[in-house]
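For reference, the structure is listed below as structure tokens.
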Amino acid sequence: MQSQIVAVTVSDLRNIKEGDEVVLNGWLQEIRLLKNISFLVLRDHTGTIQITSKPDTTSGYDKLAQMTRETVISVTGTLTRKTQSKSGIEVLCKSIKVLNASKSPLPLGIIDPVSADIETRLTNRFLDLRKPEVALIFRTESELLWGMREFFHDSGFVEVHTPKIVAAATEGGADLFPVQYFEKQAYLNQSPQLYKEILISAGMNRVFEVGPAFRAEKHNTPRHLNEFTSIDIEMGFADHHDAMHMLQEGIKSGLKHLVSHRPDIVASLSQQVEVPVGDFPKITYRECIRKLDSHGEAVKFGDDFTPEQLKLIGAEFTGFYFITEWPSSLRAFYTHPKPGDETVSNSFDLQYREFEITSGAQRVHDPAMLEERLRSKNLNPDDFSFYLNAFRYGMPPHAGWGLGLERLSLIILNLQNIREAILFPRDRTRITP
RNA sequence: GCCCCGGUAGUGUAGUGGCCUAUCAUACGGGCCUGUCGAGCCCGUGACUCGGGUCCAAAUCCCGGCCGGGGCGCCA
């Protein structure tokens, strides 16, 4: 790339003058050879452009026939808008250099009309991700997350990174992956929960973390992953109402950032993206039971809702909604009971249709209550002393939540399978690529 | 953990006992075509997950293995 001409991206071509010489680097997406003229389509991370090549103006024209799809090429040519191409712009090829040839046939076609199974796609994820519509998922996710980060940062939150290799036994609920840590038994953390709380005791006041969470659950569904990205916050001197407010505003900020900074992304999504206006509606667990009752679904207090029941509840709302005041028996030990009605808790889930996106609550801050709650869940407080100690020397009241990033992408992009929302999913059977 | 379902060319499929030396599309190879853009037309290459069994006969039925998908539970 010793050329004086600076390489440009496909999207840059819009602003380039007729007749200007350009260099484009990218993949040879397709090649149509006719007798005395050939059309190539070059793709880079910004789009595709037709490269027109003629024997008398392209050096090495006869080598085109040997080129395979997805070969990495560098094209030098002149831009013209006097074209019959549908985009109204094309590059007349002077020379084309093969930077790295691609094997053929491809294990997965980038633009083939036949669609591959998700299995084939994931095995060949590097090819799958070359599809603009697949790449778009991750560009969207990045923008969403960036907007949320900005919001939490501006709201006084400190971004932290807590250990993923932990000693503690389970918090209850999900199973943990054991790892051998030298001579000790350790586990991959199922959530940063306990560490976030310790940081509140440490006086950091407001923390957030974006990181992996591991669940050793043998589920095999389109909405579960064994490694997912958890966005977590914890705030001191706050209750569940404050946490819900932060969640609502955080999600809105993510969407706002996406819509305002990348209207191009939003426009090319198959799914319409809108920033919710106003407060997300709230419904209590008990109200849900009453609603389900009117649908002929009998739910006992203390039962969790089935996916079918959540669909019925979700049908009553157009977008995000909170289900609040869950029975204490259904929530983790650190969930604060509701004062005056301790059978329920100061807890909430953020839902979108039948999908649970976030789980949060005001946390127990009183060490005696916390120990009692541990015992009531058949957990041994001795196993949690590293955590309980943080509550014994001045722990502020606090609240927080954890949000599944892939689930958020799933619902915002209306994906059919959560594996679509993560680059390299770790599911029941897959650990490669 | 429980319960269902599936595995046919590179990719995606049709075929549920003989009509299968296995369908179609796409991809791939070759040929024709001065402007294509889901290019078109012609020719060609290419596959029954593995092992055992039943049967005159198995892609097809049975058993087991391997690999995968989905539902429930649990959860983000």
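In what follows, every heavy atom counts, from backbone to side chain, and hydrogens, waters and symmetry copies are set aside. Keep in mind it's a predicted model, so treat the numbers as computed, not measured. Naming: A, B, ... by sequence-line order, numbering from 1 per chain.
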**Report entry** Gap between atoms CG and P, on A:Leu247 and B:A76 respectively (whole Å)
**Finding:** 13 Å
Query raised in the report: Using a cut-off of 4.0 Å on non-hydrogen atoms, how would the nucleic acid contact of A:Ile357 be classed: base, sugar-phosphate, or nothing?
Result: sugar-phosphate
Requested in this report: For A:Leu33, report the nucleic acid contact type (base, sugar-phosphate, nothing); a contact means any heavy atom under 4.0 Å.
Outcome: base
Query raised in the report: Are any non-hydrogen side-chain atoms of A:Asn36 and A:Lys54 less than 4.5 angstrom apart?
Result: no
Query raised in the report: Between atom CG in A:Leu350 and atom C1' in B:A76, what is the gap in whole Å?
Result: 11 Å
**Report entry** Gap in Å between the two P atoms, one belonging to B:U60 and one to B:C19, rounded
**Finding:** 14 Å
Query - Same-atom distance (C1') from B:C56 to B:C72, integer angstrom - result: 46 Å
Query raised in the report: In terms of the angle between their ring planes, are A:His336 and A:His365 parallel, tilted or perpendicular, with boundaries placed at 30° and 60°?
Result: parallel
Query raised in the report: Between the side chains of A:Thr162 and A:Glu209, does any donor sit under 3.5 Å from an acceptor?
Result: yes
Query raised in the report: Contact class for A:Glu30 (heavy atom, under 4.0 Å): base, sugar-phosphate, or nothing?
Result: sugar-phosphate
Query raised in the report: What's the CZ-P distance between A:Arg215 and B:A76, to the nearest Å?
Result: 5 Å
Requested in this report: Measure the acute angle between the ring planes of A:Phe152 and A:Phe157, then classify it against the limits of 30° and 60° as parallel, tilted or perpendicular.
Outcome: perpendicular
Report task. May I ask you to say what A:Thr306 touches in the nucleic acid, namely base, sugar-phosphate or nothing, with a heavy-atom cut-off under 4.0 Å? Result -> sugar-phosphate
Requested in this report: State whether A:Arg32 places a side-chain N or O below 4.0 Å from either non-bridging phosphate oxygen (OP1 or OP2) of B:A39.
Outcome: yes
Query raised in the report: Quick one: which of B:A76, B:U34, B:G70 gets closest to the side chain of A:Ile418?
Result: B:A76
Report task. For B:C67 versus B:G53, give the span between their P atoms, rounded off to a whole number of Å. Result -> 24 Å
Requested in this report: Have a look at A:Leu34 and say if it touches a base, only the backbone sugar-phosphate, or nothing, with a 4.0 Å heavy-atom cut-off.
Outcome: base
**Report entry** Donor-acceptor pair present, A:Lys86 side chain and B:G35 base, under 3.5 Å
**Finding:** no
Report task. Report the base-pairing partner of B:G64 (Watson-Crick or G-U wobble, both distances below 3.5 angstrom), or none. Result -> B:C50
Query raised in the report: Which whole number of Å gives the distance between the C1' atom of B:A27 and that of B:A47?
Result: 14 Å
Query raised in the report: Taking the C1' atom of each, how far is B:U54 from B:C61, in whole Å?
Result: 8 Å
Report task. Dump the intermediate steps for ring pair (Phe, Tyr, Trp, His ring centres under 6.0 Å) on A:Tyr352 and A:Phe280, then the final yes or no. Result -> CA-CA 10 Å; A:Tyr352 190 99; A:Phe280 297 166; 9.4 Å; no
Requested in this report: May I ask which nucleotide in the shown strands pairs with B:U34, Watson-Crick or G-U wobble, both distances under 3.5 Å?
Outcome: none
Query raised in the report: With respect to A:Pro281, which candidate in A:Phe322, A:Phe317, A:Phe320 satisfies the side-chain contact (heavy atoms from CB on, under 4.5 Å) definition?
Result: A:Phe317
Query raised in the report: Would you say a side-chain N or O of A:Lys218 is under 4.0 Å from OP1 or OP2 of B:G1?
Result: yes
Requested in this report: Taking only Lys NZ, Arg NE, NH1 and NH2, and the carboxylate oxygens of Asp or Glu, determine whether A:Glu70 and A:Lys103 approach each other closer than 4.0 Å.
Outcome: no
**Report entry** Nucleotide forming a Watson-Crick or wobble pair with B:C2, both distances under 3.5 Å
**Finding:** B:G71
Requested in this report: Determine, for A:Asp293 against A:Arg290, whether the closest basic-nitrogen to carboxylate-oxygen distance falls under 4.0 angstrom.
Outcome: no
Report task. Would you mind reading off the distance between A:Ile111 atom CD1 and B:G38 atom C1', rounded to a whole angstrom? Result -> 9 Å
Report summary line: Of the candidates B:G71, B:G35, B:G38, the side chain of A:Gln50 sits closest to B:G35
Query raised in the report: Say you pick atom C1' in B:G18 and the same atom in B:G31; how far apart are they, in whole Å?
Result: 39 Å
Query raised in the report: With the threshold set at 4.0 Å, does a side-chain nitrogen-carboxylate oxygen contact exist between A:Arg43 and A:Glu30?
Result: no
Query raised in the report: Is A:Arg149 salt-bridged to A:Glu159, going by a charged N under 4.0 Å from an acidic O?
Result: yes
Requested in this report: May I ask you to verify if any side-chain N or O of A:Thr429 is less than 4.0 angstrom from the OP1 or OP2 atom of B:G69?
Outcome: yes
Query raised in the report: OP1 or OP2 of B:A76 less than 4.0 angstrom from a side-chain nitrogen or oxygen of A:Thr358, does that happen here?
Result: no
Report summary line: Of B:C74, B:G38, B:G10, the nucleotide closest to the side chain of A:Arg223 is B:C74
Report task. Report which part of the nucleic acid A:Ser85 touches: base, sugar-phosphate, or nothing (heavy-atom distance under 4.0 Å, all strands). Result -> base
Query raised in the report: Distance check: side-chain N/O of A:Arg419 vs OP1/OP2 of B:G70, anything under 4.0 Å?
Result: yes
Query raised in the report: Reckon A:Glu90 touches a base, only the sugar-phosphate, or nothing at all at heavy-atom distances under 4.0 Å?
Result: base
Query raised in the report: Counting only Watson-Crick or G-U wobble pairs whose two distances fall under 3.5 Å, which nucleotide matches B:U26?
Result: B:G10
Report task. Please figure out whether A:Phe228 or A:Leu106 has its closest RNA chain B nucleotide nearer the 5' end. Result -> A:Leu106
Query raised in the report: What is the distance from CD1 of A:Ile110 to C1' of B:G38, rounded to the nearest Å?
Result: 16 Å
Query raised in the report: Can you tell which of B:C32, B:U26, B:A76 lies closest to the side chain of A:Asp112?
Result: B:U26
Requested in this report: Give A:Asp349 one of three labels, base, sugar-phosphate or nothing, depending on what nucleic acid heavy atoms sit under 4.0 Å from its own.
Outcome: nothing
**Report entry** Residue-phosphate contact under 4.0 Å: A:Asn417 side-chain N/O, B:G70 OP1/OP2
**Finding:** yes
Requested in this report: In whole angstrom, give the distance that lies between atom CG of A:Leu310 and atom C1' of B:C74.
Outcome: 13 Å
Query raised in the report: For atom C1', what is the distance between B:C33 and B:G40, given to the nearest Å?
Result: 9 Å
**Report entry** Nearest listed nucleotide, side chain of A:Leu225, among B:U13, B:U34, B:A76
**Finding:** B:A76
Requested in this report: Using only side-chain N and O atoms of A:Thr120, determine if any of them is under 4.0 Å from OP1 or OP2 of B:G12.
Outcome: yes
Query - Distance test, side-chain N/O of A:Ser115 to OP1/OP2 of B:G12, below 4.0 Å - result: no
Query raised in the report: What's the closest nucleotide to the A:Ala116 side chain, out of B:G12, B:G35, B:U26?
Result: B:G12
Report task. Compare the minimum distances between each of B:U36, B:C74, B:U26 and the side chain of A:Glu217, then state the nucleotide with the smallest one. Result -> B:C74
Requested in this report: Assign A:Thr68 to base, sugar-phosphate, or nothing according to its heavy-atom contacts below 4.0 angstrom with the strands shown.
Outcome: nothing
Query raised in the report: Of A:Pro307 and A:His224, whose closest RNA chain B nucleotide lies nearer the 5' terminus?
Result: A:Pro307
Report task. Would you please confirm or rule out a distance under 4.0 Å between OP1 or OP2 of B:G68 and any side-chain N or O of A:Arg121? Result -> no
Requested in this report: Specify the separation, in whole Å, of atom NZ of A:Lys377 and atom C1' of B:C74.
Outcome: 13 Å
Query raised in the report: Expressed as a whole number of Å, how far does the C1' atom of B:G35 sit from that of B:G29?
Result: 25 Å
Requested in this report: Using only heavy-atom distances, decide whether a donor-acceptor pair under 3.5 angstrom links the side-chain of A:Arg69 to the base of B:C28.
Outcome: no
